[in-house]
Amino acid sequence: MTATATRYLYLVRHGEALPDESELSATGRRQAALLGRRLAQRPISVVHHGPLPRAAQTADLIGEHLDGAALRVSEAAGDYIPYFPRREELPPDSADRLLRFLAQATAEDRERGPELADRALARFTGPVAGDRERHELVVTHNFLIGWLVRHATDAPKWRWLGLNHGNAALTVIRYAPGRPSSLLVYNDMRHLPAELCWSGFPAELRL
């Protein structure tokens with residue numbers, strides 16, 4: 001029987017981007033650098049990141065603080081819709097709103113997204129082969145973080161919807177052999193000053 005060891009999966013949403021999403025804003029670069037400093041002492045061996053500029057640039061800035069971590073671009077860490085629920089799966093009071101949102105997706109999105117989501121689960125989740133624990137960072141987008149969190153907590157597949165992640169916030173999932181996956185940290189922004197944090201509240205109610 002093949003030995004397995006614990007995987008610690010660090011999930012990060014890219015830093016704030018410019019309105020056209022062509023690259024990180026000045027705020028996004030600050031966010032990424034501060035997160036890199038926070039992670040500098042963690043034994044992260046590899047940084048996977050999506051192919052879009054805002055994810056790649058965030059990974060580069062974090063990677064400057066990680067000693068020897070390899071940077072690897074991954075389509076599975078990209079920006080896509082991971083699952084398209086049927087109406088009967090959704091809560092009746094929010095089904096119309098959610099389905100209107102998902103209706104914006106193209107036919108290619110509907111085919112490609114779930115395929116990439118399955119690849120992400122196969123590549124990034126579960127214990128790792130061998131007898132040494134592994135620490136991996138994935139710099140990605142809001143939807144994939146929601147998808148991986150709902151998977152780790154055994155929530156219904158549609159429940160990636162509504163799990164919102166701040167820019168350069170940190171989530172950590174532990175996959176230990178013989179144990180349920182554990183959500184250790186979620187949407188943590190303690191490395192960011194208040195002006196760089198997204199709270200999800202309107203500006204006048206900011207926490």
Side-chain angles (χ1 to χ4, degrees), residues 9-21 25 27-28 31 35 50 52 54-55 58 75-126 138-175 179-190 192 194-207:
L9 187 70
Y10 301 72
L11 298 171
V12 170
R13 186 182 180 187
H14 60 81
E16 180 190 88
L18 294 175
D20 66 1
E21 299 186 337
S25 67
T27 291
Q31 291 170 329
L35 179 54
L52 294 177
R54 58 191 185 274
T58 301
E75 279 191 281
D79 191 15
Y80 53 85
I81 295 176
Y83 180 75
F84 290 85
R86 301 181 305 277
R87 174 179 289 276
E88 56 266 28
E89 296 177 72
L90 300 170
D93 60 346
S94 56
D96 287 343
R97 182 185 184 95
L98 295 174
L99 291 172
R100 281 197 302 271
F101 167 70
L102 294 170
Q104 302 172 72
T106 66
E108 182 181 0
D109 293 333
R110 290 180 175 274
E111 179 177 357
R112 190 68 170 149
E115 175 189 329
L116 289 170
D118 286 343
R119 284 170 52 184
L121 292 179
R123 176 62 190 86
F124 302 132
T125 70
V138 179
V139 180
T140 183
H141 303 264
N142 190 53
F143 293 168
L144 181 60
I145 295 175
W147 176 247
L148 294 172
V149 168
R150 78 92 216 151
H151 178 265
T153 55
D154 293 319
K157 288 185 175 182
W158 71 268
R159 202 58 185 89
W160 67 268
L161 288 157
L163 295 177
N164 298 312
H165 213 262
N167 292 115
L170 178 65
T171 285
V172 183
I173 302 171
R174 181 182 63 205
Y175 302 95
R179 298 175 62 181
S181 50
S182 298
L183 186 61
L184 302 182
V185 175
Y186 179 70
N187 202 31
D188 191 325
M189 292 177 273
R190 74 183 71 181
L192 301 177
E195 67 271 16
L196 298 185
C197 292
W198 174 84
S199 71
F201 287 85
E204 66 273 15
L205 297 176
R206 186 183 181 92
L207 290 179

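The model shown is predicted, which means the values in this text are computed figures rather than measured ones.
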(Q) Run the side chain to side chain contact (heavy atoms under 4.5 Å, CB included) test on Arg159 and Val149 for me, step by step, so that the C-alpha distance in whole Å, both residues' side-chain angles and the decisive distance to 0.1 Å come before the verdict. (A) CA-CA 9 Å; Arg159 202 58 185 89; Val149 168; over 6 Å; no
Q | Full working for side chain to side chain contact (heavy atoms under 4.5 Å, CB included) between Asn167 and Leu196 | A | CA-CA 9 Å; Asn167 292 115; Leu196 298 185; over 6 Å; no
**Q.** Pair Tyr175-Ile173, side chain to side chain contact (heavy atoms under 4.5 Å, CB included): steps then yes or no
**A.** CA-CA 7 Å; Tyr175 302 95; Ile173 302 171; 3.4 Å; yes
Q) Can Ile145 and Val12 be said to form a side chain to side chain contact (heavy atoms under 4.5 Å, CB included), step by step? A) CA-CA 8 Å; Ile145 295 175; Val12 170; 5.9 Å; no
Q. Given the rule in the salt bridge (Lys or Arg N to Asp or Glu O under 4.0 Å) test, do Arg112 and Glu75 qualify, once you have shown the distances and angles that lead to the verdict?
A. CA-CA 11 Å; Arg112 190 68 170 149; Glu75 279 191 281; 3.0 Å; yes
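Tested against His14 for a side-chain hydrogen bond (donor to acceptor under 3.5 Å, both in side chains), the candidates Gln31, Arg54, Glu21 yield a single pass: Arg54. Just one of Asn142, Thr171, Thr140 meets the side-chain hydrogen bond (donor to acceptor under 3.5 Å, both in side chains) condition when paired with His165; it is Thr171.
Counting heavy atoms from C-beta on, the side chains of Val138 and Leu9 come closer than 4.5 Å. The shortest distance between side-chain heavy atoms of Tyr186 and Val172 does not fall below 4.5 Å. Between Trp147 and Lys157 there is a side-chain heavy-atom pair separated by less than 4.5 Å. For the pair Tyr10/Val185, no side-chain contact is recorded, criterion being any heavy-atom separation below 4.5 Å from C-beta on.
In this structure, the ring of Tyr83 has its center no less than 6.0 angstrom from the ring center of Trp160. Aromatic pair His141/Tyr80: ring centres not closer than 6.0 Å.
When all heavy atoms of Leu161 and Pro85 are compared, the closest pair comes out as CD1-CG, 4.3 Å. Here the shortest heavy-atom pairing between Ser25 and Glu16 reads OG-OE1, 2.7 Å. Glu89 approaches Arg86 most closely through the heavy-atom pair OE2-N, 2.7 Å. The nearest pair of heavy atoms linking Met189 to Ala169 is CG-CB, 3.5 Å. Scanning both residues, Ala76 and Leu144, for their nearest heavy atoms gives O-CD2, 3.3 Å. In terms of heavy atoms, Phe84 sits closest to Asp109 at CE1-O, 3.7 Å.
To the nearest 0.5 Å, atom CG of residue Leu170 and atom CZ of residue Arg13 are 14.5 Å apart. Distance check, rounded to the nearest 0.5 Å: CG of Asp188 to CG of Leu184 gives 11.5 Å. Note: Leu11 CG to Leu148 CG = 5.5 Å, rounded to the nearest 0.5 Å. A distance of 13.5 Å separates CH2 in Trp158 from CD in Glu88, rounded to the nearest 0.5 Å. Here Leu121 contributes atom CG and Leu116 contributes atom CG; the two are 11.0 Å apart, rounded to the nearest 0.5 Å.
Within 6.0 Å of CZ in Arg97 there are 12 or fewer heavy atoms belonging to other residues, nucleotides or ligands.
Looking only at distances, no side-chain donor or acceptor of Glu111 sits under 3.5 Å from a matching main-chain atom of Glu108.
Residues His151 and Thr125 have side chains that never bring a donor and an acceptor to within less than 3.5 angstrom of each other.
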